Trainee: 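This is the structure I have questions about; it appears just below.
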Amino acid sequence: MIENPPVARLDGVSVRAGNVQILRDIDLTIDPGDALGVFGANGAGKTTILRVLATLQPTATGSVEVLGADATADERFTVRPRIGYIGHVPALYPELTLAENLGFFARSRGLDESVAASALADVGLAGAADRRADRCSHGMQRRAEFARILVSSPVFLLLDEPHSALDADAVDLVDAIVHRTVDQGGAAVLVSHDRARVRSLATRTVEIEGGILR
Amino acid sequence: MIENPPVARLDGVSVRAGNVQILRDIDLTIDPGDALGVFGANGAGKTTILRVLATLQPTATGSVEVLGADATADERFTVRPRIGYIGHVPALYPELTLAENLGFFARSRGLDESVAASALADVGLAGAADRRADRCSHGMQRRAEFARILVSSPVFLLLDEPHSALDADAVDLVDAIVHRTVDQGGAAVLVSHDRARVRSLATRTVEIEGGILR
Amino acid sequence: MIGFGSQAALIARRDILRERRSGEVLWVTLPFGAIALLLVPLAVGTDAPMLRQIGPGIFWVVVMLFGVFISIRQTSSETDAQRDQLALSGLDPAAVYFGRALASFLFLLGFQLVLGFVTVVLYDISLEGWLILPLTFVIVAAGLSLLGTLAAGIVATGQNAAALVPLLVAPLSIPLLIGATQALEALQLGRSSLTWVLMMIVTVIVLAIAGVLSAQPLQETR
Amino acid sequence: MIGFGSQAALIARRDILRERRSGEVLWVTLPFGAIALLLVPLAVGTDAPMLRQIGPGIFWVVVMLFGVFISIRQTSSETDAQRDQLALSGLDPAAVYFGRALASFLFLLGFQLVLGFVTVVLYDISLEGWLILPLTFVIVAAGLSLLGTLAAGIVATGQNAAALVPLLVAPLSIPLLIGATQALEALQLGRSSLTWVLMMIVTVIVLAIAGVLSAQPLQETR
Amino acid sequence: MTPREQTIERPTSVWPWITMGVAGTVTFIASMAVGPDAVQGQLSRIMYVHVPAAWLAYLAFFVTMAASAMYLWRKDLAWDRRAASSAEIGVVFTGLAIGLGMIWAKPTWGVWWTWDARLTLTAIMFFVYLGYLALRRTTTDLNARAKRSAILGVLAVVQVPLVHFSVVWWRTLHQPPTLLKPEPIDMDTSMLVTLGIAVVSFTVMYVAMMFKRIELARLEDEITEMQQTADVPIAGEAVTAPALERGA
Ligand code: HEM
Ligand SMILES: Nc1ncnc2c1ncn2[C@@H]1O[C@H](COP(=O)(O)OP(=O)(O)OP(=O)(O)O)[C@@H](O)[C@H]1O
Ligand SMILES: Nc1ncnc2c1ncn2[C@@H]1O[C@H](COP(=O)(O)OP(=O)(O)OP(=O)(O)O)[C@@H](O)[C@H]1O
Ligand SMILES: [Mg+2]
Ligand SMILES: [Mg+2]
């Protein structure tokens with residue numbers, strides 16, 4: 001049996017912005033089945049690493065390979081729909097209802113709007129489907145972001161502080177989503193300050209300090 | 001000795017928005033020295049209660065008294081500067097540096113800009129004082145919000161998920177701020193999903209469920 | 001994956017829905033345009049033949065300015081998080097560009113119709129040769145929405161880039177404006193307006209090509 | 001607490017600093033205004049005497065429209081969180097209103113100077129009686145910034161109120177516009193422009209009063 | 001990371017300078033050799049610089065457009081340098097045409113500047129390309145800069161036909177085309193020949209300037225590149241542990 005190719009590989013990656021260096025010489029390999037916990041102080045570069053893995057962040061040096069595609073080449077466009085990224089800030093359109101937001105997302109993946117409706121029900125927001133996103137509480141908006149993950153079932157999950165703003169029930173939902181993805185041969189990266197919870201969920205953890213991985 | 005007047009008292013308060021009821025018949029008294037933990041599911045109304053206590057949220061029924069002032073009367077304007085509120089979303093001006101943001105805040109309280117600089121140093125952001133707020137990481141922005149609290153030393157703290165997005169060092173900062181306020185005869189309300197941490201910090205806790213306090 | 005056309009339609013539907021909720025074009029931009037048309041006679045003096053002469057020109061200038069504004073506002077209100085998710089969605093950036101432009105195009109057509117009516121009433125314009133107008137309206141709306149959407153994409157890539165906007169808008173809106181004003185005039189003077197229409201069409205094509213070529217690089221910069 | 005004047009100055013400084021960083025007025029609005037002035041002759045025809053006649057009027061219309069836009073944009077970009085903190089800051093809402101208007105006023109003065117220069121060059125305007133201009137510029141800038149800031153306050157309170165903006169802008173910008181155009185003309189015709197200047201000053205006072213009275217209710221609604 | 005030792009070789013080629021000198025001299029001699037114009041007298045000699053300068057500006061902006069398009073297609077920074085170099089030279093030529101035009105306008109029309117479609121549009125063209133150059137100074141990231149300016153470089157070229165045809169569309173003061181037009185040319189042969197010589201010389205000058213400018217641009221890019229790989233502070237080190245309870 002041949003070995004599975006890695007889900008993502010960073011090789012000597014550094015990122016600069018303005019006149020500061022955010023990441024320095026990052027080497028990192030994420031294999032199928034990995035659930036990687038990333039810890040580190042505020043401003044250390046955790047979000048930036050997630051954006052590099054999402055192929056959204058231009059790098060200064062090094063090579064980035066995600067789901068078999070070179071992230072600096074046009075190939076990245078073909079793998080992006082298989083990446084699920086949740087950032088610090090909800091990406092919903094405030095004037096649209098939750099159903100419309102998710103429906104837009106589902107249709108952009110060529111899926112039916114009913115998929116969106118059932119994903120909303122799965123995260124416990126069926127009753128708020130017709131509420132405008134900007135009239136939903138912060139935690140409800142975060143939940144809707146997770147519904148997006150349920151709609152597209154990505155193989156590579158990139159979650160920035162996934163447990164924040166979620167109540168106890170919803171936290172379990174996150175864990176279930178991570179488990180399911182990893183069990184099906186995908187991978188997940190979890191950035192968090194809640195070490196205890198992420199340690200129990202992750203298969204391994206790394207620490208980032210001043211832009212360097214330890 | 002006469003008894004201290006309460007820091008805040010809600011009496012039969014209900015809040016409506018559009019055609020839904022967010023809070024129903026809330027009775028709540030917060031005394032000097034109280035550190036009240038507020039728990040509850042996503043969308044239960046926790047943030048709304050904080051905004052009521054901050055005199056920012058119009059109520060449908062009931063009476064709200066904060067720091068001795070009737071929150072529906074013009075008296076509320078005189079007590080507002082003694083309230084410290086941190087919401088879900090940082091309120092910084094993205095184009096201004098952290099120092100400029102805090103400096104603006106300090107001067108609006110009639111304080112010197114040096115107070116702002118030392119508050120930034122206290123939250124560990126002295127090195128990033130001249131960085132634009134929108135180029136700071138999410139946790140750094142949250143820290144800057146706490147620096148605001150250090151600048152004005154409010155007697156009534158209203159913190160919405162204070163521990164989220166903060167690293168281990170910064171989390172202690174929150175606890176220190178709460179302790180200091182409470183010890184000096186002020187009061188704090190902490191909304192959170194992190195029950196363990198807030199239980200250790202709070203003098204008492206309440207649970208909110210579907211807009212009703214239990 | 002869904003086809004290019006459905007992708008563009010999806011984006012256009014999203015933008016139309018957002019506008020319907022926020023009502024910005026309807027309640028802020030449209031009334032402003034109408035006020036502009038109303039202010040001109042008050043400002044330059046109510047000399048009827050002169051107003052008749054400058055009316056169409058003023059109409060087109062107002063359409064031009066507000067048109068670009070409408071399309072810029074429509075797009076540049078997007079947050080970074082929304083931009084990230086759109087980039088990950090796998091939608092073709094060129095389809096996104098056309099979808100946005102399509103929504104703005106429809107707003108602009110409506111805008112032109114309302115303001116056109118206002119102009120005719122206020123300036124007592126002769127409508128001789130008006131048959132060319134629907135064609136001109138469509139071409140101008142297309143050109144301005146493509147132009148504004150392109151400019152908005154540039155604004156969204158960061159503050160330094162905002163300086164590009166006037167640089168792009170100035171040279172590219174001029175052919176549209178000249179074409180629009182001259183096409184009707186040529187017809188009224190009994191000459192052919194073909195050259196003008198062609199010039200506008202060429203501008204629209206140039207804009208469409210430019211938008212398609214720049215859509216991906218603009219999405220990837222910030 | 002700090003005094004009313006210092007509060008307003010603080011807010012104005014904040015807005016000026018934000019503009020300096022974002023460069024929106026400088027890079028987007030100002031060039032747009034200049035383009036507008038340039039497009040008019042191309043659109044209405046290059047008839048020199050006619051241009052000389054309509055030049056000042058067109059200038060004022062452009063100043064009027066963009067002026068209100070500048071002041072609206074300046075304020076309505078505020079987030080809910082920022083609004084909450086401002087309400088808690090204890091700053092007097094009326095001082096906040098004046099501070100914002102002050103920043104817009106300064107932008108507008110600069111805007112008028114640059115566009116005024118462009119107009120004189122392009123339209124070959126006679127500057128006889130120009131001594132009234134500095135006064136007019138200041139009054140118009142004050143009126144428009146107060147008007148735009150008030151309109152922005154209404155827009156920021158939520159979508160339904162936005163429909164009120166045009167109702168406010170139209171009737172209040174017209175006296176300013178008429179006053180500005182007539183004051184110079186009266187002087188050039190050897191008549192007194194006092195009535196016109198007074199009319200503008202009354203409008204400015206009305207706007208200031210309206211702004212002060214509505215500042216607190218607007219801050220508290222959303 | 002240790003800072004790397006890097007050096008940049010000095011530009012050495014001198015032949016572009018020689019070519020420019022020769023071409024300039026040829027233009028001067030040719031314009032002096034031809035007899036003065038019947039109507040305009042000595043003033044007409046301005047034409048032999050005014051007109052080629054305007055035409056070479058057109059050419060330069062077309063080259064900018066083509067090179068920008070090539071950059072967008074190939075993503076090769078060399079094309080970006082070509083586009084920028086050509087734009088810079090085009091701006092110089094436009095400025096020359098405007099300056100000489102103004103000098104010419106004062107005695108013939110009695111004013112330095114007037115409302116005229118060609119004059120206005122030429123001025124816009126000048127400012128748009130000045131803006132192009134200014135835009136390039138706002139970013140230090142080479143690829144981002146190249147992308148933005150390439151988009152502008154392609155689109156701005158619509159200015160050229162606008163300037164050229166403006167005299168036809170608005171019949172005003174400025175000379176309508178005498179050469180670049182569908183109808184037969186009616187111009188004195190000696191003047192025509194002189195103009196031809198001037199145009200050829202200007203073209204040679206343009207090519208020589210391009211070589212020199214592109215060489216310079218390459219060196220500038222190398223320096224920028226070096227500055228960008230140099231060591232800079234780590235972003236995260238700006239954040240430290242909070243100092244708890246000060247004084248209290
Ligand atoms: C500031 C003033 C002026 C500017 C900006 C200007 C600009 C230009 C430009 C851009 C061209 C190239 C046109 C083309 O072939 O497409 C041109 C050509 C020309 N200009 Fe001027 N010009 C100015 C003043 C004058 C004056 C005062 C005269 C003479 C009275 C003049 C005579 C000519 C002639 C004869 C041509 C060649 C036309 C042809 O053969 O196509 N220009 N000018
Ligand atoms: N204008 C409105 N129209 C309809 N519903 C609204 C409106 N504003 C708020 N709500 C609803 O009020 C409820 C309470 O919101 P609130 O932000 O107080 O919740 P929360 O307890 O803070 O939740 P979370 O834990 O997610 O932060 C939510 O269900 C929200 O959707
Ligand atoms: N354009 C920029 N200019 C200067 N510094 C920047 C820029 N962009 C990002 N940074 C810095 O890069 C660092 C890393 O940011 P990042 O968002 O990755 O941190 P993080 O580890 O996710 O922090 P947090 O725990 O607070 O979310 C921060 O110190 C931030 O200030
Ligand atoms: Mg982060
Ligand atoms: Mg909440």
Side-chain angles (χ1 to χ4, degrees), chain A residues 17-18 47 50-51 53-58 66 71-74 76-97 99-113 132-135 141-142 144-145 148-149 151-152 154 156-158 160, chain C residues 1-27 73-96 98-100 103 156-160 212-213 215-222:
Chain A
T47 297
L50 277 195
R51 295 191 78 248
L53 289 169
T55 75
L56 292 171
Q57 171 74 51
V66 177
T72 57
D74 278 0
R76 69 179 181 280
F77 295 111
T78 59
V79 300
R80 279 187 179 172
R82 288 191 286 143
I83 299 173
Y85 170 55
I86 295 188
H88 281 294
V89 187
L92 304 169
Y93 298 108
E95 306 90 350
L96 304 190
T97 65
E100 287 162 352
N101 265 294
L102 268 287
F104 170 74
F105 181 77
R107 296 197 40 188
S108 76
R109 305 294 161 113
L111 299 168
D112 199 73
E113 296 198 6
R132 278 172 59 144
D134 58 359
R135 293 183 185 153
Q141 295 185 28
R142 296 276 307 175
E145 297 275 291
R148 244 195 8 235
I149 300 284
V151 166
S152 63
F156 190 25
L157 275 187
L158 301 164
D160 211 345
Chain C
M1 241 13 285
I2 56 175
F4 188 92
S6 332
Q7 293 185 24
L10 184 60
I11 295 286
R13 251 195 45 185
R14 177 202 66 178
D15 283 354
I16 292 169
L17 204 54
R18 292 188 71 181
E19 159 62 24
R20 247 175 44 197
R21 296 279 160 75
S22 72
E24 177 153 335
V25 172
L26 189 65
W27 290 118
R73 285 305 304 266
Q74 220 49 37
T75 318
S76 62
S77 64
E78 212 160 44
T79 65
D80 284 348
Q82 287 161 357
R83 274 163 55 77
D84 278 354
Q85 291 301 338
L86 203 62
L88 288 177
S89 72
L91 292 176
D92 185 337
V96 174
F98 277 121
R100 284 177 171 153
T157 60
Q159 49 134 354
N160 286 336
V212 168
L213 287 180
Q216 183 176 306
L218 285 180
Q219 174 184 283
E220 299 298 304
T221 342
R222 77 160 183 184

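Quick caveat, the model's predicted, so the values are computed rather than measured.
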Trainee: So which heavy atom on Pro94(A) is nearest to which on Gln82(C), and how close?
Mentor: CD-NE2, 3.7 Å
Trainee: Please look at Leu111(A) and chain C and tell me whether the side chain, the backbone, both or neither of the residue comes under 4.5 angstrom of a heavy atom of that chain.
Mentor: neither
Trainee: Just so I know, are the side chains of Arg148(A) and Ser89(C) near enough to count as touching, which here means a heavy-atom distance under 4.5 Å?
Mentor: no
Trainee: Between CZ of Arg109(A) and CG of Leu91(C), what distance do you get to the nearest 0.5 Å?
Mentor: 8.0 Å
Trainee: To the closest 0.5 Å, what do you measure between CG (Asp80(C)) and CG (Leu56(A))?
Mentor: 11.0 Å
Trainee: Tell me, for Pro154(A) versus chain C, whether the close heavy atoms (under 4.5 Å) come from the side chain, the backbone, both or neither.
Mentor: neither
Trainee: Have a look at Glu95(A) and tell me which of Arg18(C), Arg21(C), Arg20(C) forms a salt bridge (Lys or Arg N to Asp or Glu O under 4.0 Å) with it.
Mentor: Arg18(C)
Trainee: Supply the atom-to-atom distance Leu17(C) CG to Tyr93(A) OH, rounded to the nearest 0.5 angstrom.
Mentor: 11.5 Å
Trainee: Which region of Asn101(A), side chain (C-beta onward) or backbone (N, CA, C, O), has a non-hydrogen atom less than 4.5 Å from a non-hydrogen atom of chain C, or is it both or neither?
Mentor: neither
Trainee: Got a second to check how far Ile86(A)'s CD1 is from Asp84(C)'s CG, nearest 0.5 Å?
Mentor: 12.5 Å
Trainee: Kindly compute the distance separating CG (Leu10(C)) from CZ (Phe105(A)), expressed to the nearest 0.5 Å.
Mentor: 11.5 Å
Trainee: Determine yes or no for a side-chain-to-main-chain donor-acceptor pair under 3.5 angstrom, with Gln85(C) supplying the side chain and Tyr85(A) the backbone.
Mentor: yes
Trainee: Please report the closest heavy-atom contact between Gln216(C) and Asp74(A), naming both atoms and the distance.
Mentor: NE2-OD1, 3.4 Å
Trainee: With rounding to the nearest 0.5 angstrom, report the CG to CZ distance, Leu88(C) to Arg76(A).
Mentor: 11.0 Å
